[in-house]
Amino acid sequence: AQSVTQPDIHITVSEGASLELRCNYSYGATPYLFWYVQSPGQGLQLLLKYFSGDTLVQGIKGFEAEFKRSQSSFNLRKPSVHWSDAAEYFCAVGRTGANNLFFGTGTRLTVIP
Amino acid sequence: DTEVTQTPKHLVMGMTNKKSLKCEQHMGHRAMYWYKQKAKKPPELMFVYSYEKLSINESVPSRFSPECPNSSLLNLHLHALQPEDSALYLCASSQAGTSGGYEQYFGPGTRLTVT
């Protein structure tokens, strides 16, 4: 069965610093992987997705993620964080056999000046 | 247009009330979803509609009743809710299929409070 683990519940970074949010998945085949961001009280916005091909995926708002099959990871990165990036970040895996996503528990990002 | 709209934004209802949440998309998507999200938790899937037919019901109590009147609209009818049902209710849509590879587009949610 598919599962997603986000080991970090809460991360604090300084504005302008680099960011890496971790995501590990468990899946028997090539996974479909997604990163979503959610600002407080809002819906989820898709940052990027990986289906196949190039393992480094570019997304919106300057985010990128790298798929590493050997490590079962799909970590999200940003070279320079802005205060507006403070939000909850969810990694998700596509659930085959059904049109559905399975979400990780989320990582809350705090950005300090 | 990648927008999913939800109404109302906020809803307060008593345990004996009947109310409905509405969701609309005009992206031509044939799969639509209801999620429930409690504070500091990920979204939990409730229902999936595919081609206007209910394809997944994640053992949701019968006090929640979904409806998909056409390919653009999704409703969630609420009746006799409990205070623990207070949450953010999110609607999403995507292309339909079973590959698992279709990204979902989410609405802003309805904040429901049951008193």
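Numbers restart at 1 for each chain; the letters A, B, ... are given by sequence-line order, proteins then strands. Fair warning: this is a prediction, and the values are worked out from it, not measured in the lab. The figures that follow rest on heavy atoms only: side chains count, while hydrogens, waters and symmetry mates do not.
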For atom CD1 of A:I9, is the number of surrounding heavy atoms from other residues, nucleotides or ligands below 6.0 Å larger than 12? no

Engaged part of A:Q45 at the chain B interface, taking heavy atoms whose separation is under 4.5 Å: neither

Ignoring hydrogens and geometry, is there a side-chain-to-backbone donor-acceptor pair from B:H29 to B:A31 under 3.5 Å? no

Relative to chain B, which segment of A:F102 carries a heavy atom at a distance below 4.5 Å: side chain, backbone, both, or neither? neither

Heavy-atom pairs under 4.5 Å with chain A - which of B:C91, B:P108, B:G109 has more of them than the others? B:P108

Mark yes or no: B:K36 above the aromatic ring of B:Y89, with NZ or CZ under 6.0 Å from the six-membered ring centre and no more than 45 degrees from the axis. no

Do the ring planes of A:Y32 and A:F51 sit parallel (below 30°), tilted (30 to 60°) or perpendicular (above 60°)? perpendicular

Side chain, backbone, both or neither: which part of A:L46 has an atom under 4.5 Å from a heavy atom of chain B? side chain

Is a side-chain N or O of A:Q6 found less than 3.5 angstrom from the main chain of A:Y89, in a donor-acceptor match? yes

Partner chain A: residue of B:A92, B:A39, B:P43, B:S55 with the largest heavy-atom pair count (under 4.5 Å): B:P43

Mutual orientation of the aromatic rings belonging to A:F67 and A:Y50 [parallel < 30°, tilted 30-60°, perpendicular > 60°]: parallel

Interface residue of largest heavy-atom contact number with chain B, from A:G43, A:G41, A:A92, under 4.5 Å: A:G43

Heavy-atom distance under 4.5 Å to chain A: side chain of B:Q6, backbone, both or neither? neither

